[in-house]
Amino acid sequence: MALAVVGGAALSGFFQQVFVKLDSQEVRNFIRGKKLTDGLLHKLRIKLMSVGAVYDDAEQKQLRNPSVRLWLHELKEAVLDAEDLLDEIKTEVLRRKMEAEFGSSTSKSIDTKIEEILETLSFISNQKDSFELKERCSHRISQTLTSTSLVKGSDVYGRDHEKETIIQLLLSDDVTCNEIGVIPIVGMGGIGKTTLAQLLYNDDRVKQHFELQEWVCVSDVFDVVQITQTIYASVTSQTCDTTNLNQLQVKLKDVLAGKKFLFVLDDVWNEKCNIWESLRRPFEFGAHGSKIIVTTRNDGVATTMGTLQTHYLKHLLEEDCWVLFSKHAFKDAIVDPNLEVIGRQIVSKCKGLPLAAKSLGCLLRSESNVNEWENVLKSDIWELSDEKIDILPALWLSYQYLSPMLKRCFAYCSIFPKDHIFNRSELILLWMAEDLLQPQKKTRLEDVGKKYFDDLISRSFFQHSSFNDCFIMHDLMHELATYVCGEFCIRLEDHDFSLDVSKGRHFSYLQYSFNVDSYKSLDTIYEAKYLRTFICHKFHSLPRVQLDRLLKLQCLRVLKLRGYDISELPDSISNLKHLRYLNLCENPIKKLPDTVCSLYNLQTLLVSYCKDLTELPTNLGRLINLRHLDFEGTKIKKMPPHMGKLKDLQTFGGLQNIKRAEDALEAKLRDKKLSEIHLKWEGDTADSQNDSRVLGNLQPNTNLKVLAIEGYGGTKFPGWLGDESFSNLITLRLETCGYCFSLPVLGQLPSLKMLEIDGLNGVESVGSEFYGGIKPAFRSLEFLSFCSMQEWQEWCFPGGEEEEGGHFPNLRKLSLEFCPKLTGKIPLDYFPRLERLSLLEVNIESLACSHECNKFNIELPFLRGLRISDCPNLVCFVGGGVLLAPNLNVISMCRFKNLWSVPEDMQISLPSLAYLSIEGCKEFKSFPEESKFPSLDDLKIMECPEFVGFPHGGLQAPNLKRMEIKECNEFRSLPEEMHASLPSLQSLFIEGFKEFKLFPEESKFPSLDDLKIMECPEFVGFPHGGGLQAPNLKRMEIKECNEFRSLPEEMHASLPSLQSLSIEGCKEFKSFPEESKLPSLDYLEIKECPEFVGFPHGGGLQAPNLKNMEIYECNKFRSLPEEMQISLPSIEFLCIWDCPELESFPEGGLPSKLCSLIIGSCKKLMANRMRWGLQTLTSLICLAVDFSGCEEEEIGESFPEEGLLPTTLTYLRVSDHPNLKTIDGKALRHLVSLKNLVIFFCPRLQSLPDEGLPTSLSRLDISKCDLLSQRCQRGTGEDWPKISHIPEILIDQYD
């Protein structure tokens, strides 16, 4: 076979299909006895093998060599031509078969076309040597950079939550019992997986926790020997050159024995279990608590290697992305307001991808011209040179690792415009029509397509949209698809139609664009005579498609003209003999021509909501390849004859239109060995009895595996549904069958694993008829969901006490949602293997054992998740019974009316509980005495107005790391002796407590890292004496606590690790404690504290590592800390805003390392500006002064004064100076380093200094200075000669 011979060349998707067609039975039959044609096709095979061998190399080299890209496109075009030719042969054979024609002669045109393709391929092949193209055996990228464990923490934004969550896992020794904890981090290329892993690897807590650490960049080749060598060399500081894996692993085992280690395996692609098992053998000898972090783009890798929860990295929030972008785009982190608007639009384009934000930020760092920024905003990213941007290689690597067929499927998606939301089912049908799915034995093509689709999702090429079962591509992925598909894909929205369209194979217009001359563009597309795809949605201004010209494009495989006002389809539709997908939905078409029945390749015919269509062509049964037919919303009353011949037909839409039940027999579903069938009725039924007969006559073959019935209008289901002869049925979905009063007998289906019942509003009771006569019923069922059953009142569980738990022996997940009338109890012991239970808006009273018996406890050894929400009458367990669920780790209870407390002795009944959330439970008051939660990791209590606090014995949760308590008005106190009861607590968040006043005496939090107290109006502060003892606390935020007065005393001892402190909206906060020492403090913010006076005298604020200090809107603030040069030597950024009582800086001046200073609305300080002493600040490069709120007579009419500013300034902003009339030229001229000058809202400023501005200036921004703006108009203003030499001048462009 060709594929076996071609070997590596066949790995390219383009060649794989053409060789399959060459070896097809149809082609063989066609050339039998035709020596000339046979010989030409043999030459074609050899020539394709020759160029195919170097295809992968050319695909890689095109990134840096435009000539190779052009060569590659010529090659693709020739291969596509060959595919068209072979399809033509196969179609001709099919036509002869259907029309009973026989002939021995071959058309000369076939031979001529083969010769033309051979000539083209010969020319292309002769060129390949000039590009030094070589045969590749793998997809390895030679330019891939190896990752290391080093990271610049200041470059990371928006990952705090993910970081802390994983660190909690790393530091916990009990989460995996005796198994190595493998933590997968999964996400698309460029989203920050490696960066997050680097942060984790370098965290001080992690370093202290593990004895050994090693970072391995695995990349594309998962070489067990090489990885083992790397780890051994690192942990022993000795090289080991042996390649004998056994010797290596014995050595590594001896080194790791009894030691707790952390390994990071970065950028893993291997999905094979045996290879991973081979590598991990020596790791088993490490100490309990050892961990491995794995980063990968592929969900399959996480499934193979992971033993702990997989962490899927989401895109950054836009604000975090903006901070990252601006750090790289603006020098010295000074954001230029004129570029900010454009920059934020660029960041929006990055859609939360940190690699994209960083790359574009770096690209624009040396550009201050607005036009250049706008050009980037409007450009495709990879049109920029690869020396300036690295996002394309990152995504390109992901693309290179796709299988050959996946590559073509992904590239085809460039047919969609950016941000287009697409449906999985439709895309699979399009792939199928384009022959992009590789047939597999005993597997439907649709199932092959689903596998391809799921692979692309798992590798982050597709993402879930906010719409059900719909998807979207990230812009950067879309641009990659566009790059790969190149000139073969034409989107009317953004194509340059001045270019040649003759090579176009796929055309779409799916997104209206004001910038498109649609009449001219659409007229041009008919010149693309080899077009395979034509997809259009009708828009208001789009011209009518010229059907006569369109139907001359004989290579079309996909034709979609939805909503195009087509009333008549010409007979010439028969010209499209390759057509496989025809969508004419929402057209006023009245009749399909009989010539449609000669489209023997047609797989999908969609005419739904063609409201005037009354019948289907009589000979539709001749379309032997038809698989999907949808005519819902039409006036079709009967099915054509001989539909039973369509052995692959599996989707029937519009069944409500069948008025004669006998017509349904024409489908002959019993004779078709289909694995999946969807039956759909649309709208309200007009004849319930007819619907019943129609469904009865649509009985499928017992080979069926998946069945969906939607919108059925009968009052009961036919007897065949649920018959035990359907022994292969795995999945059944019944949806919006609103007239059915009872469920079918389904309990005896032996293979049924998934059952979804949704919107059956006529069902009031589910009883014995549901189970059938077999015991146990539903023996294979794993997932059961009842949803939106508005009239359902009773669920009966048959069987005597001796049969307890007999049914549903393998049910894993049970979901009851939006069934408001369902009452009674749910006997949980009926489901002995239950893992997940979800109850949402149901009216049941209890979870209990199956019968009124003496059984007090309910044992569910496999239960892992329990979610209860909006169940107003639920009292949980009858008789106070105890739920014994040793593996239950998640409980979420929301708006649970009758929840007063949680069960006692939870350390016995729920020893694995890790997450507990109680929200909106109005009666919940407290925890039981001596509440013990040995495994609890995360506790949330929100909107529980009666919750008072924890019992006197405290809350015993030795592994609790995060506690969040919000909007519990009666909450008064935290547990006492928390250092003993909550020794692992790392994050504490308290918000919205009216009665919470104080922390307990001697509050000790040995592991606390993050503390937030917000909107607690009675909170006074921390206890005297012992204060708050939190040696590892890094972040503390206190916000809108009106009575808060003081911070803990002796903070240097109690809070030695505090790095970030924010106090905002605390009306009574006045000052820091005496001798406030914060040795680790890096960031300090005090905002909207009207009583805050300043820092203590004498010792002041001792913070040797403080870099950023911001004080806003503190009306009584009078003084900065004394001797700042000594007490705050590391300050780099200082902002003081709206502090009207501050008169001067401290004696001795500001710290010498100060880089940026912002002063605004400080009238007394402004009046004394000549005493600022800025001349001594040799590091100061950024100064912004705002005179708003200042008295005119105090600030004068001129700025700056001579001697005020240091010569080191590169950025100066003067704003809101209502009295400024002149700028002192002499004072400015000595600013020899000044590059950016901003003058904002100085309405009386009349002119620039006659001496001119500093010659170093590269950017001048003047806004809202009406008098000055007129004088600085380009070319005409009186002051224009003074500034014309400045490269960038912006006048009134701020808004």
Is it true that, when you exclude Lys940 itself, more than 12 heavy atoms of the residues, nucleotides or ligands shown sit nearer than 6.0 Å to its NZ? yes

If you apply the rule side chain to side chain contact (heavy atoms under 4.5 Å, CB included), what do you find for Leu427 with Phe462, and how did you get there? CA-CA 12 Å; Leu427 179 56; Phe462 297 158; 4.0 Å; yes

Please work out which of the three classes, parallel, tilted or perpendicular, describes the rings of Phe330 and Phe325, given edges at 30° and 60°. perpendicular

Suppose we screen for salt bridge (charged side-chain N to carboxylate O under 4.0 Å, His left out). Which residues come up paired with [X], at least two apart in sequence or across chains?
{"X": "Lys193", "answer": "none"}
{"X": "Lys1087", "answer": "none"}
{"X": "Lys260", "answer": "Asp173"}
{"X": "Glu1064", "answer": "none"}

Any donor-acceptor pair under 3.5 Å linking the side chain of [X] with the backbone of [Y]?
{"X": "Thr296", "Y": "Asp267", "value": "no"}
{"X": "Ser326", "Y": "Val323", "value": "yes"}
{"X": "Gln213", "Y": "Tyr201", "value": "yes"}
{"X": "Thr1210", "Y": "Asn1236", "value": "no"}
{"X": "Thr230", "Y": "Gln226", "value": "yes"}
{"X": "Ser1258", "Y": "Lys1235", "value": "yes"}

Can you tell me how far [atom2] of [Y] sits from [atom1] of [X], rounded to the nearest 0.5 angstrom?
{"X": "Ser403", "Y": "Tyr452", "atom1": "OG", "atom2": "OH", "result": "6.0 Å"}
{"X": "Glu214", "Y": "Ile227", "atom1": "CD", "atom2": "CD1", "result": "11.0 Å"}
{"X": "Met942", "Y": "Phe989", "atom1": "CE", "atom2": "CZ", "result": "10.0 Å"}
{"X": "Glu1110", "Y": "Ile1086", "atom1": "CD", "atom2": "CD1", "result": "11.0 Å"}
{"X": "Asp160", "Y": "Ser987", "atom1": "CG", "atom2": "OG", "result": "10.5 Å"}
{"X": "Ser1057", "Y": "Asp204", "atom1": "OG", "atom2": "CG", "result": "9.0 Å"}

Taking the side chain as every heavy atom from C-beta outward, state whether [X] and [Y] have any pair of such atoms under 4.5 Å apart.
{"X": "Phe1133", "Y": "Lys1107", "result": "no"}
{"X": "Ile180", "Y": "Thr307", "result": "no"}
{"X": "Ile231", "Y": "Phe261", "result": "no"}
{"X": "Ile457", "Y": "Phe471", "result": "yes"}
{"X": "Thr165", "Y": "His311", "result": "yes"}
{"X": "Asp266", "Y": "Val216", "result": "no"}
{"X": "Pro354", "Y": "Leu316", "result": "yes"}
{"X": "Ile166", "Y": "Ile185", "result": "yes"}

Closest non-hydrogen atom pair, [X] against [Y]:
{"X": "Ala302", "Y": "Val186", "result": "CB-CG2, 3.7 Å"}
{"X": "Asn298", "Y": "Glu271", "result": "ND2-OE2, 2.6 Å"}
{"X": "Cys321", "Y": "Gly352", "result": "SG-CA, 3.9 Å"}
{"X": "Gly343", "Y": "Trp322", "result": "C-CZ3, 3.6 Å"}
{"X": "Trp276", "Y": "Thr304", "result": "CD1-O, 3.7 Å"}
{"X": "Met305", "Y": "Leu265", "result": "CE-CD1, 3.9 Å"}

Start with the C-alpha gap between Ser414 and Arg491, add the side-chain angles, then the distance that decides, and say whether side-chain hydrogen bond (donor to acceptor under 3.5 Å, both in side chains) holds. CA-CA 8 Å; Ser414 64; Arg491 295 187 301 269; 4.9 Å; no

Apply side chain to side chain contact (heavy atoms under 4.5 Å, CB included) to the pair Phe410 and Leu480, showing each step before the final yes or no. CA-CA 9 Å; Phe410 170 66; Leu480 176 59; 4.0 Å; yes

Go through the steps for Asn1108 and Glu1132 under the test side-chain hydrogen bond (donor to acceptor under 3.5 Å, both in side chains), then give the verdict. CA-CA 6 Å; Asn1108 190 319; Glu1132 295 177 357; over 6 Å; no

Determine whether the aromatic ring centres of Phe416 and Phe422 lie less than 6.0 Å apart. yes

Are Asp1009 and Arg1035 ion-paired here, with the side-chain N under 4.0 Å from a carboxylate O? yes

Just jot down the side-chain contact (heavy atoms from CB on, under 4.5 Å) partners of Ser1007, sequence neighbours excluded, or say none. Gln986

By side-chain contact (heavy atoms from CB on, under 4.5 Å), which residues pair with Asp203, not counting sequence neighbours? Lys163, Ile167, Arg205, Val206

Will you find, in the side chains of Ser1062 and Glu1037, an N or O donor that is under 3.5 Å from an N or O acceptor? no

Side chains of Asn1105 and Ser1130 only: does a donor on one sit below 3.5 Å from an acceptor on the other? no

Apply the test side chain to side chain contact (heavy atoms under 4.5 Å, CB included) to residues Leu313 and Leu196: give CA-CA distance (whole Å), side-chain angles for both, the deciding distance (0.1 Å), then the verdict. CA-CA 9 Å; Leu313 279 197; Leu196 177 59; 3.6 Å; yes

Per the side-chain contact (heavy atoms from CB on, under 4.5 Å) rule, which among Leu308, Thr310, Leu262 passes with Ile183? Leu308

On the ring face of Tyr483, is Arg69 found with NZ or CZ under 6.0 Å from the centre and within 45° of the axis? yes

Going through the checks in order, is the side chain to side chain contact (heavy atoms under 4.5 Å, CB included) test met by Asp1082 and Leu1106? CA-CA 4 Å; Asp1082 176 87; Leu1106 183 64; 5.6 Å; no

